[in-house]
Amino acid sequence: MKNNINLVKGTHDIYGAEMEKFEFIIESFYSVCKKFNFQSIQTPIIEQQELFSRAVGEQTDIVSKEMYSFLDKGEINICLRPEATSGLARFAASNYQSGLMKLVTHGPMFRRERPQKGRYRQFHQINIETIGEKSPYIDFEPILIAKLLLDKLGVSKNKYKLLINSLGSKDDQLSYSILLKKYLSDFKNQLSETSISRLDKNPLRILDSKDPEDTEILKNAPKIGEHLSNESKNYFDQVKKLLNSNEIEFYEEPKLVRGLDYYSHTTFEYQTIEHKRQNAILAGGRYDKLISMISSRDIPGIGWAAGVERLMDLITIEDEKSKSKNKILFAVQDETYLNNNRILKQIYNFKYNHEVRVNKNIKKLFSYADKNNFSFILLIGEEEINSNKIILKDLKNKSQQTFEISKFELKNEIR
RNA sequence: GCGGGUGUAGCUCAGUUGGUUAGAGCGCCGGUUUGUGGUACCGGAGGUCGGGGGUUCAAGUCCCCUUACUCGCCCCA
């Protein structure tokens with residue numbers, strides 16, 4: 001006996017009720033976004049590794065330790081995409097012309113982490129990006145769309161909250177980093193190891209630390225909101241005004257910096273309060289310098305990604321939907337009855353789903369239809385084939401009729 | 001990379017202080033007078049008890065190692 005082949009660690013099959021949720025999320029996402037004139041796009045799952053080391057950032061966890069990468073035929077460093085925005089930015093860098101490029105996509109992403117609840121090595125994201133222009137409304141729109149999507153998915157308002165922050169321009173970040181570094185250097189021997197290593201490379205990320213001692217120290221640290229340029233501050237105020245006037249409730253979180261280096265100005269995150277861990281269900285922000293980091297063009301953009309598996313955990317779907325679907329079982333007692341069978345063509349052209357089943361035992365055919373929630377059974381058995389008859393039985397009200405095969409029209413009998 | 005939990009039939013799990021041929025439910029196959037359904041009853045197939053080593057007269061059960069899954073740390077959607 002051979003051993004079974006297991007799933008690769010951190011991957012999973014999506015099937016049955018789970019798959020219905022998955023499709024429901026993807027379909028809802030596209031239907032909401034298309035009303036805002038977004039265009040769908042699919043970019044490759046494999047990209048040059050350099051795309052992510054430049055866009056996401058060399059020192060981020062994602063790039064430095066979580067990427068699946070390999071040398072393709074000893075020539076180019078290829079990797080499985082750990083996120084989608086970089087690929088879309090690459091696309092925009094060479095295809096953007098003018099005005100707004102509004103893109104939506106979905107697909108698998110790959111990060112080599114230790115799997116746990118709500119975190120997989122292959123997981124799925126839905127992504128929305130608005131590229132080309134910068135204005136408070138353009139920031140507001142995707143945040144609104146996120147809320148509309150959560151509504152459509154039936155995630156109730158008391159299950160999540162929206163956090164927002166502004167990181168200001170890259171210049172703001174630079175001057176704030178100096179302030180923060182100065183403040184933190186007084187506590188250098190109390191900070192956690194990772195925070196110390198970030199002190200020089202990326203001090204902003206220290207704000208994200210969950211180490212209790214770090215958080216204590218950070219309580220009195222300078223706040224980024226208080227050190228933005230007037231221009232950045234005004235911009236952020238206008239975004240908040242739009243949210244307020246459209247009744248989108250949010251909390252300002254000055255420590256929301258995100259783990260990818262490309263963000264600037266508005267950042268946001270929808271968090272579920274159902275789970276304590278892996279609670280970020282949808283997150284994103286503005287990335288004005290991203291495209292200039294990977295190309296010779298300088299185009300602003302904003303977008304977000306949501307984890308499909310994390311959304312699946314939050315929603316419920318009635319499985320009656322699939323059960324109440326009308327299905328026909330075409331049952332025959334012998335495989336040869338299917339030769340030159342005019343019913344076969346009728347049934348696969350008919351509006352209902354169907355299945356063909358062969359079994360000598362009539363009882364088995366009925367029992368199969370019953371267990372699999374068929375609503376009708378079309379039966380040609382030994383008696384029928386000998387007398388050129390066919391039986392149609394409505395399995396719900398148990399009524400049954402016999403017809404001449406040559407005259408039987410499915411569409412006249414089931415409407 | 002570091003911790004905790006779990007691993008017994010296709011699936012979900014029992015298996016008592018170590019004690020004879022390892023169990024249940026569901027599913028599958030067959031039967032209950034030969035061609036009509038989720039029920040009931042009867043029967044059947046299916047297990048190297050994750051793998052390796054050790055303790056013991058005796059190990060699914062205790063100990064060690066290993067592996068897979070899972071939950072958490074870190075980080076993220």
Side-chain angles (χ1 to χ4, degrees), chain A residues 1 3-12 25 56 59-66 81-85 106-128 146 192-195 197-198 205 208-212 214 256-260 268-272 275-285 303-314 323 329 331-333 359-377 379-386 389 391-400 402:
Chain A
M1 220 204 297
N3 292 332
N4 290 333
I5 305 221
N6 298 328
L7 281 167
V8 171
K9 189 196 279 290
T11 66
H12 59 292
I25 290 166
V56 176
Q59 330 85 305
T60 60
D61 284 16
I62 291 177
V63 170
S64 64
K65 51 187 196 198
E66 295 173 1
R81 62 182 183 191
E83 60 111 42
T85 305
H106 84 280
M109 309 296 155
F110 303 84
R111 293 182 197 172
R112 200 179 184 291
E113 306 171 87
R114 282 294 291 270
Q116 56 187 271
K117 194 171 181 58
R119 204 177 67 184
Y120 307 98
R121 290 185 170 184
Q122 175 172 344
F123 60 103
H124 297 81
Q125 287 189 333
I126 46 181
N127 270 79
I128 177 168
S192 67
E193 216 173 301
T194 36
S195 291
S197 71
R198 279 171 180 160
R205 285 301 309 290
D208 227 5
S209 173
K210 276 150 202 146
D211 182 278
D214 288 359
L256 187 72
V257 290
R258 316 228 44 73
L260 291 78
F268 53 91
E269 181 167 311
Y270 280 87
Q271 284 186 356
T272 172
H275 309 121
K276 260 203 132 112
R277 319 290 166 200
Q278 280 80 248
N279 56 3
I281 50 174
L282 184 157
W304 55 252
V308 177
E309 284 82 355
R310 289 188 186 178
L311 288 171
M312 283 162 67
D313 261 2
L314 288 182
K323 279 187 180 165
L329 183 70
V332 295
Q333 244 178 326
N359 198 309
K360 287 254 183 286
N361 188 335
I362 302 273
K363 214 169 183 172
K364 288 285 154 194
L365 292 169
F366 276 88
S367 147
Y368 181 85
D370 204 35
K371 281 178 185 160
N372 294 283
N373 289 302
F374 283 88
S375 9
F376 299 95
I377 188 166
L379 176 70
I380 301 180
E382 231 174 285
E383 285 180 14
E384 287 72 39
I385 205 78
N386 291 331
K389 295 273 169 45
I391 288 172
L392 171 65
K393 182 164 184 177
D394 183 328
L395 293 164
K396 286 187 180 137
N397 62 28
K398 306 188 180 196
S399 63
Q400 172 173 324
T402 306

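A, B, ... follow the sequence lines: proteins, then strands. Residue 1 opens every chain. Quick caveat, the model's predicted, so the values are computed rather than measured.
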Rounded C1' spacing from B:G23 to B:A14 in Å: 7 Å
Minimal non-hydrogen separation, A:Lys393 against A:Lys398, with atom names: CE-O, 3.8 Å
For the side chain of A:Gln125, counting heavy atoms from C-beta on, which of B:G72, B:G37, B:A77 is nearest? B:A77
Taking the side chain from A:Arg310 and the backbone from A:Ile281, do they hold a donor-acceptor pair closer than 3.5 Å? no
Could you check whether A:Leu395 gets within reach of a base, just the sugar-phosphate, or nothing at all, counting any heavy atom under 4.0 Å? base
Using modelled atom types only, decide if a donor and an acceptor are shared between the side chain of A:Asn386 and the backbone of A:Glu382 within a distance under 3.5 Å. yes
Polar side-chain contact A:Lys393-B:U36 base: donor and acceptor under 3.5 Å: yes
Backbone N or O of A:Glu113 within a donor-acceptor pair of the A:Arg121 side chain at under 3.5 Å? yes
Determine, for nucleotides 25-32 of chain B in 5'-to-3' order, which nucleotides have protein heavy atoms under 4.0 Å from the base (write B), from only the sugar-phosphate (write S), or from neither (write -). ---S-S--
Check whether any side-chain N or O of A:Lys9 sits under 4.0 Å from OP1 or OP2 of B:A68, and answer yes or no. no
Rounded to whole Å, how long is the line connecting atom CD of A:Glu309 with atom P of B:A77? 14 Å
What does A:Glu66 touch in the nucleic acid at a heavy-atom separation under 4.0 angstrom: a base, only the sugar-phosphate, or nothing? sugar-phosphate
Judged by atom type as modelled, is there a donor-acceptor pair below 3.5 Å linking the side chain of A:Glu269 to the main-chain atoms of A:Ala280? no
RNA chain B in dot-bracket form (Watson-Crick or G-U pairs under 3.5 Å, [ ] crossing, | inter-strand) is (((((((..((((.....[...)))).(((((.......))))).....(((((..]....))))))))))))....
Can a donor-acceptor pair under 3.5 Å be found between the side-chain atoms of A:Arg119 and the base atoms of B:C71? no
B:G35 phosphate, OP1 or OP2, under 4.0 Å from A:Gln333 side-chain N/O: no
Below 3.5 Å, does any donor atom in the side chain of A:Arg205 face an acceptor in the base of B:C75, or the other way round? no
At less than 3.5 Å, do the side-chain atoms of A:Gln278 and the base atoms of B:G72 form a donor-acceptor pair? no
Under-4.0 Å side-chain N/O to phosphate OP1/OP2 contact, A:Ser367 with B:G38: yes
Round to the nearest Å and state the distance from A:Arg121 atom CZ to B:C75 atom P. 18 Å
Closest to the side chain of A:Arg114, out of B:G1, B:C74, B:G37, is B:G1
Verdict with supporting geometry, A:Lys117 and A:Asp313, side-chain contact (heavy atoms from CB on, under 4.5 Å): CA-CA 10 Å; A:Lys117 194 171 181 58; A:Asp313 261 2; 4.1 Å; yes
